[in-house]
Amino acid sequence: MLFRLRSAPLTLALSLALILALAPPLARAQAQPATNDAAHTREFHIEAGPLAAALARFSAQSGWGVSADAALTEGQRSPGLSGNFNDAQALRRLLAGTGLQWRQIATGSVVLVRPAPVNALEPVTVTASRSGKALGQTAQKVTVITREALQAQLAVNSDPSQVLSNLIPNYSPSRQKLTSWGESFRGRAPLFMIDGVPQSNPLRPGSRDSNTIDLSMVERIEVIHGASAEHGLGATGGIINFVTRRPEGGKLSQHAGISASAPTDYDHEGLGYKADYRVEGLNGDWDYLAALSYQSRGVAYDAKGRAVGIDNSQGDLMDTQSYDLLLKAGYWFDDNQNLQVTLNRFSLEGNQDYVTVDGDRATGQPTTSEKGHPEGKATSNQVLTTSVNYRHLNLAGNDLQAQLYLQRFRARFGGDRSAVYQDTSIAPAGTLFDQSENRSDKIGGKITVNRDGMLNGRLKLTSGLDVLQDTTRQTQLYTNRDWVPETRFRNIAPFLQSQFQVVPRLSVQAGVRYEYAKLDVDDFTTLASYGDGAQGNRVEGGTPSFDATLYNAGLTYQISEPLQLFANYSEGFGMPDVGRALRSITSPGLRVDDFLDLRPVDTDNREIGLRFNHDPVTFELSYFESDSDRGSILVQRNGVYELRRQKTEIHGAEADINWQVLERHRIGASYSHVTGRYDSDQDGHLDADLTPVNVSPDKLTLRWHAAWNDRFDSQLSGHHYFSRSFDNANHFEGYNLVDLALGYKLARGRITAGVENLFNEDYFSYFSQSATTLSYQYFKGRGRLLTLGYSLDF
């Protein structure tokens, strides 16, 4: 264990629940399909070819009876197999890449079935939900961004925050930069994950956590809207989980893709290129995948042909190069248990070929870029994520999942001679150049045990334990000073979750999670600028600890066959920006143990909604509230954002509708609204609007997807951001963006074409208009951009 947890009755109770869940079943266990002994293998020789023929040979060699609708096997091919396997393994490999599954109906007799397709309201298991909840049956809003939806977005643009903004209601308009600072989800910060491994940094969030993986490596994105006690720390706004691709197909399959993008009023400086390659397959009990991508990005231009201002301070996507390496290897011990190792190495770094030309807000002159070499080292993101996952589907009637992970995160920011860096003991005032880098190293583990089928099939229990150790510092690269001292954060959280089917139409859930967190900060001295200019403030370190017990409860009620009511209450737990608070201490002699700004952010979240699913229409509507007595907000003062701990209340609504108008045409629409208030003078009353850096504007999205024939498809999407004014006189003038994606299947391969900002809208970004007053951040949005691509699977 990473550290000793103080004794607590709740912790003991949850630990006992975890042990009991692993014990032999006392109630009726979930029925498991009978399979032959994993140790009993036989030699198979089945050539690759038509699936129906391969299944006939399998039946002859194994003695199993396989039945299937002829429509399921028509046109399907099997990769075949050769070697020693047990019967279940052999059948699984023969079906690889077909999209079919098998279900045992009697000893030695199986039937082939096709699983339900993945879409917004189909019963699909959401892996970000620890209890394996089915989509469309959850007590809170959950969205799955499918591979199909991702491909349509990537045909237009590969900017992760732009993709998330386009596809997730109440996710802020994208800044179109490397930094996502100022982007929020339902008015709070989301927890980003890759295959369940946290990417967000609780101690010094540098707003770089949405750029830790290339989206070509991602199979789907799972989004849990609002706080979730199943993951706890950091998920006060919701969870965004990037699920990486998994091995598919037969013994060996490959994919290669290339694309190029350019502004339509052509300028060679705006050219961008991307290439990706993937190899994957199955070999006996092993499966494997290796993927590599490389991308070079040019300069973005606004609708009037001006180079968009580059952010050499917080980081930009323009004028950068990146690569991503994804490696996966899995081993099946038998039909119930497997081990998988995953490694993802992502690197993005600026080319430093452009400098910023400040804009002028008074005259409406935007910030632009010109050729030049900024001083210092290039801004960058360097992220290594590794995990080892073990799963046993039937351990004494339980589904056991365990994960160990490591993450190494380095985020380098731009440099300058700003006042905060000055230290007159080193150099004369105003002459000292420096830049900072966030360095975070995480090690953690998760264990989850699901037990279904209890109380005559009506009760499901999920228990688990999460541990995390995060060591973070923010250092100055040229003077080797610590802006944020090395801070160690330890977190342990056991939890217990239950689902109970009261009657066929009514299902309830309830759970509890205990969070214990401890900080460990050594004695340190702030930068000199926070003191007298020649000497910083000496701060006595400490080991403050915090704990919280989080509860959640929810229900789903099937009003009628197509109409469902859902309601949810959940409590969230997160940390404020600890690094920002520590580095900004201006009072000498302060003790970390007495510094109240380090207390956790506890949130109370409520949601109620309706789902309607009746072919050809699906509809979902939800209303939510999120309150905190000790919220963490950013308030601008003299051009710099400061951390404030004040009471906050957020509420909003989301609506989605999809209509399959014709067999090949689908239209959809979504609307989102969020607003919030906070206690600016700390008198216990909410008296001011949350600022644009904390909440997003209302948004309306319209979509039309058409499959014109078996080869050609298109998607047209439009986004309208509504104008909005705030108490602090900030005003946002709304704008419209329209994107078009086209795809055509060739005899070999597929070509795509995408147009971002189809009508070349001229606009200032939401952040630039209303969330900052700095002249060097008065950025226009990207003008029309054309992307052409070709991919081949072989």
Side-chain angles (χ1 to χ4, degrees), residues 1-3 18 21-22 38 125-132 191-201 209 212-214 217-220 222 230-234 239 241-248 278-292 324-346 382-395 398-409 440-450 462-471 490-495:
M1 187 170 291
L2 297 176
F3 57 92
L18 183 62
L22 285 169
T125 299
V126 181
T127 61
S129 169
R130 306 287 287 277
S131 56
L191 171 63
F192 288 95
M193 301 191 300
I194 296 177
D195 291 333
V197 178
Q199 303 297 301
S200 301
N201 299 304
D209 40 8
T212 59
I213 189 170
D214 189 300
M217 308 294 177
V218 176
E219 176 66 29
R220 67 182 186 273
E222 300 173 341
E230 289 184 334
H231 288 279
L233 180 69
I239 292 170
N241 183 39
F242 298 99
V243 180
T244 57
R245 286 183 173 273
R246 62 184 184 276
E248 294 180 346
R278 184 175 70 254
V279 59
E280 59 193 292
L282 307 171
N283 186 10
D285 292 321
W286 290 90
D287 56 59
Y288 57 89
L289 181 147
L292 178 66
D324 196 338
L325 172 66
L326 174 66
L327 299 175
K328 276 189 170 185
Y331 180 76
W332 285 87
F333 298 97
D334 54 42
D335 289 334
N336 286 318
Q337 56 180 328
N338 78 305
L339 184 73
Q340 180 175 275
V341 179
T342 303
L343 179 148
N344 189 74
R345 176 71 169 93
F346 177 79
Q382 308 285 338
V383 188
L384 176 65
T385 303
T386 59
S387 65
V388 179
N389 296 271
Y390 171 78
R391 185 169 188 178
H392 197 307
L393 293 167
N394 186 16
L395 180 61
N398 300 283
D399 180 357
L400 169 69
Q401 299 178 63
Q403 181 185 67
L404 295 175
Y405 62 84
L406 296 168
Q407 195 230 27
R408 184 179 186 272
F409 191 99
S440 176
D441 295 287
K442 299 185 187 71
I443 178 172
K446 300 179 179 182
I447 183 169
T448 306
V449 180
N450 279 291
T462 302
S463 55
L465 178 70
D466 297 347
V467 292
L468 168 67
Q469 177 171 285
D470 185 325
T471 303
R490 298 179 177 93
N491 177 232
I492 185 168
F495 71 91

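Treat the numbers as computed from the prediction; the structure is a model and nothing was measured.
Here the straight-line distance linking atom CG of Asn398 with atom CG of Asn450 works out to 8.5 Å at 0.5 Å rounding. Note: Tyr288 OH to Asn283 CG = 6.5 Å, rounded to the nearest 0.5 Å. Note: Lys446 NZ to Gln401 CD = 10.5 Å, rounded to the nearest 0.5 Å. Once rounded to the nearest 0.5 Å, the distance linking CZ of Phe346 with CD1 of Ile194 reads 9.0 Å. Between Phe333 atom CZ and Arg391 atom CZ the span is 15.0 Å, to the nearest 0.5 Å. The CG atom of Asp285 sits 12.5 Å away from the CG atom of Leu339 when rounded to the nearest 0.5 Å.
Between Leu327 and Ala290 the shortest heavy-atom distance is CD2-CB, 3.7 Å. Taking every heavy atom of both residues into account, Phe495 and Asp466 meet most closely at CE2-OD1, 4.4 Å.
In this structure, the side chains of Thr212 and Phe192 stay at 4.5 Å or more apart for every pair of heavy atoms. At a threshold of 4.5 Å between non-hydrogen side-chain atoms, the residues Ile447 and Leu400 count as touching. Under the 4.5 Å side-chain criterion, counting only non-hydrogen atoms from C-beta, Leu325 is not in contact with Asn344. At least one side-chain heavy atom of Leu289 sits less than 4.5 Å from a side-chain heavy atom of Arg245. Residues Leu384 and Gln407 form no side-chain contact, since every pair of their non-hydrogen atoms from C-beta on lies 4.5 Å or further apart. Between Asp195 and Thr342, some side-chain heavy-atom pair lies under the 4.5 Å cut-off. Side-chain contact between Val243 and Glu222: present, with at least one pair of heavy atoms (C-beta onward) separated by less than 4.5 Å. Looking at Thr244 and Leu326, their side chains come closer than 4.5 Å, going by heavy atoms from C-beta outward.
Ring geometry for Tyr331 versus Trp286: interplanar angle of 30 to 60°, hence tilted.
A side-chain N or O of Asp209 and one of Ser200 form a donor-acceptor pair less than 3.5 Å apart. A donor and an acceptor atom, one from each side chain of Gln337 and Tyr390, are located under 3.5 Å apart. Between the side chains of Gln403 and Asn389, at least one donor N or O lies within less than 3.5 Å of an accepting N or O.
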Next on the checklist: Go through it in stages, so that I can follow the logic: the residues are Leu465 and Ile492, the test is side chain to side chain contact (heavy atoms under 4.5 Å, CB included), and I'd like the CA-CA distance, side-chain angles, deciding distance and then a yes or no.
Outcome noted: CA-CA 7 Å; Leu465 178 70; Ile492 185 168; 3.9 Å; yes
Checklist entry - Can you check side-chain hydrogen bond (donor to acceptor under 3.5 Å, both in side chains) on Thr471 and Asp441, steps first, answer last? => result CA-CA 5 Å; Thr471 303; Asp441 295 287; over 6 Å; no
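In this structure a side-chain-to-backbone donor-acceptor pair under 3.5 Å is missing from Lys442 to Val197.
One finds no salt bridge joining Asp470 and Arg490 here, because no Lys/Arg side-chain nitrogen approaches an Asp/Glu carboxylate oxygen to under 4.0 Å.
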